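To keep things clear, I will list the structure first and then write my remarks on it.
None of the values given here were measured: they were computed from a predicted structure.
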Amino acid sequence: MRPQPRRALRIALAAALVAAPLTVAATSAAQAAQAAPEAAASVRLKGAGLDDPHKKDIAMQLVSSAENSSLDWKAQYKYIEDIGDGRGYTAGIIGFCSGTGDMLELVQHYTDLNPGNVLAKYLPALKKVNGSDSHAGLGTAFTKDWAAAAKDPAFQQAQNDERDRVYFNPAVNQAKADGLRALGQFAYYDAIVMHGPGDSSDSFGGIRAAAMKKARTPAQGGDEATYLKAFLAARKVAMKKEAAHSDTSRVDTEQLVFLNAGNFDLNPPLKWKVYGDSYSIDS
């Protein structure tokens with residue numbers, strides 16, 4: 001998990017929202033009033049989710065704007081550096097860290113896909129440094145080999161696979177179960193990228209639990225905007241516990257901007273700021 005931005009490039013893709021209208025035979029004012037909440041429920045269920053390919057690409061651009069100061073998330077396969085947050089090396093499209101275990105799992109998966117890869121020889125060192133910020137057995141040779149491996153389609157696939165397995169799929173599945181549309185699914189995804197999965201107070205599960213003490217999810221009959229505001233407020237509390245996360249602009253000037261605009265389906269055009277830098281996705 002990578003807590004701070006690093007790069008600056010651009011990508012723009014289209015996002016399509018297809019919401020089928022609900023046909024209601026309304027013969028009286030009472031029938032029309034009764035149909036209104038049913039129509040709203042239909043929109044929540046049928047709007048394109050974050051797992052729609054276009055919406056997923058938008059989500060990756062949004063995360064990359066905060067993680068890499070760039071919308072070109074595909075340029076980040078080669079990224080690697082120690083940003084001084086106590087997690088050792090931070091690398092790749094989602095900020096896999098040598099000190100948190102997900103980098104080790106990534107290289108193990110890459111080695112399953114391509115046993116003769118240039119990073120396989122670092123598996124013993126990655127196992128030893130897991131849980132620390134140590135560079136022992138890694139160093140400059142490792143960072144150079146990481147950049148070289150990033151040209152391998154198998155390594156890119158391994159990063160995509162681990163992103164989906166550890167972060168994207170769990171976040172989106174939980175958000176859908178909570179009755180959240182694309183914006184809420186993104187809020188969950190961005191949170192799990194930064195804070196990681198788990199149930200501790202400063203993890204994604206802990207943030208969600210704190211939010212649910214303040215507001216009901218839509219699946220529980222709650223208001224979507226009210227719940228998302230509670231979730232983002234709980235996330236800011238967790239962010240401020242750690243110096244590397246203390247700038248909350250990815251919530252304040254990104255996600256809350258979309259929420260306050262009522263853009264629950266995360267439809268372009270999107271305009272936001274992260275760490276003072278302005279970004280947009282126009283279509």
Side-chain angles (χ1 to χ4, degrees), residues 1-9 59-60 62-70 72-73 75-107 119 122 125-147 149-150 159 162-163 166-168 170-171 187-207 210 232 234-255 273-277:
M1 286 90 46
R2 178 164 63 254
Q4 293 288 10
R6 295 291 147 194
R7 301 266 200 279
L9 290 165
M60 289 300 297
L62 290 169
V63 169
S64 188
S65 72
E67 298 287 317
N68 302 99
S69 297
S70 166
D72 190 356
W73 66 269
Q76 310 309 322
Y77 291 111
K78 64 184 179 182
Y79 164 78
I80 182 166
E81 66 178 312
D82 188 329
I83 61 175
D85 64 349
R87 294 175 172 87
Y89 287 112
T90 294
I93 59 170
I94 211 65
F96 302 98
C97 294
S98 59
T100 63
D102 55 354
M103 182 181 285
L104 170 60
E105 292 177 350
L106 167 62
V107 176
L119 297 180
Y122 297 103
L126 286 170
K127 291 176 182 177
K128 289 181 180 179
V129 302
N130 188 22
S132 76
D133 62 357
S134 173
H135 294 182
L138 301 173
T140 302
F142 176 66
T143 61
K144 288 182 178 179
D145 284 341
W146 182 283
Q159 291 195 36
E162 289 300 289
R163 170 202 62 199
V166 181
Y167 302 109
F168 188 83
Y188 275 22
Y189 175 50
D190 193 63
I192 203 171
V193 165
M194 175 179 279
H195 303 280
D199 297 319
S200 63
S201 62
D202 57 352
S203 69
F204 166 71
I207 294 168
L232 293 177
R235 183 180 175 192
K236 287 176 64 174
V237 170
M239 290 173 74
K240 290 178 179 179
K241 290 180 180 179
E242 186 177 353
H245 295 162
S246 59
D247 186 323
T248 60
S249 63
R250 67 198 289 164
V251 172
D252 299 325
T253 56
E254 183 186 285
Q255 294 172 52
K273 292 182 179 180
V274 182
Y275 307 121
D277 296 329

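- A donor-acceptor pair under 3.5 Å links the side-chain atoms of Thr253 to the main chain of Ser249, judged by distance alone.
- Here the side chain of Asp102 pairs no donor or acceptor atom with the backbone of Phe96 at under 3.5 angstrom.
- In this structure, Asp145 CG and Tyr122 OH are separated by 3.5 Å, a value rounded to the nearest 0.5 Å.
- Rounded to the nearest 0.5 angstrom, Arg163 CZ and Tyr189 OH are separated by 5.5 Å.
- Shortest non-hydrogen contact noted between Ile192 and Pro197 is CG1-N, 3.7 Å.
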Decide side chain to side chain contact (heavy atoms under 4.5 Å, CB included) for Phe168 and Ile94; before the verdict, give the C-alpha distance in whole Å, the side-chain angles of both, and the deciding distance to 0.1 Å. CA-CA 10 Å; Phe168 188 83; Ile94 211 65; over 6 Å; no
Stepwise side chain to side chain contact (heavy atoms under 4.5 Å, CB included) test for Arg235 and Phe204: CA-CA 8 Å; Arg235 183 180 175 192; Phe204 166 71; over 6 Å; no
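- The backbone N or O of Gly92 lies less than 3.5 Å from no partner atom in the side chain of Gln159, so there is not a single donor-acceptor pair.
- Here the closest heavy-atom approach between residue Val274 and residue Ser65 is recorded as CG2-OG, 3.7 Å.
- In this structure, CZ on Phe142 lies 6.0 Å from CG on Leu119, to the nearest 0.5 angstrom.
- A search for side chain to side chain donor-acceptor pair (under 3.5 Å) contacts involving Asp252 returns Lys236, Thr248, not counting sequence neighbours.
- Taken to the nearest 0.5 Å, the CG atom of Leu106 stands 4.5 Å off from the CH2 atom of Trp146.
- Between atom CD of residue Gln76 and atom CD of residue Glu67 there is a gap of 10.0 Å, rounded to the nearest 0.5 Å.
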Passes side chain to side chain contact (heavy atoms under 4.5 Å, CB included), His245 versus Asp202? Steps please. CA-CA 11 Å; His245 295 162; Asp202 57 352; over 6 Å; no
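- The residues Glu242 and Arg87 are annotated as salt-bridged, a charged nitrogen and a carboxylate oxygen being separated by less than 4.0 angstrom.
- Rounded to the nearest 0.5 Å, atoms CD1 (Ile207) and CG (Asp199) are 11.5 Å apart.
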Under the side chain to side chain contact (heavy atoms under 4.5 Å, CB included) rule, what do Val63 and Trp73 come out as? Steps first, then yes or no, please. CA-CA 8 Å; Val63 169; Trp73 66 269; over 6 Å; no
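- Nearest heavy-atom pair, Thr143 versus Thr140, reported as atom, atom and distance to 0.1 Å: OG1-O, 2.9 Å.
- Around atom NZ of Lys241, more than 12 heavy atoms belonging to other residues, nucleotides or ligands sit under 6.0 Å away.
- The heavy-atom pair separating Gly198 from Ser203 by the smallest distance is O-OG, 2.8 Å.
- For Gly137 against Ala125, the heavy-atom pair with the smallest separation is O-CB, 3.7 Å.
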Working note: Asp72 + Ser70, criterion side chain to side chain donor-acceptor pair (under 3.5 Å); need CA distance, chi angles, decisive distance, verdict. CA-CA 5 Å; Asp72 190 356; Ser70 166; 5.5 Å; no
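- Taking every heavy atom of both residues into account, Gly101 and Asn130 meet most closely at N-OD1, 2.9 Å.
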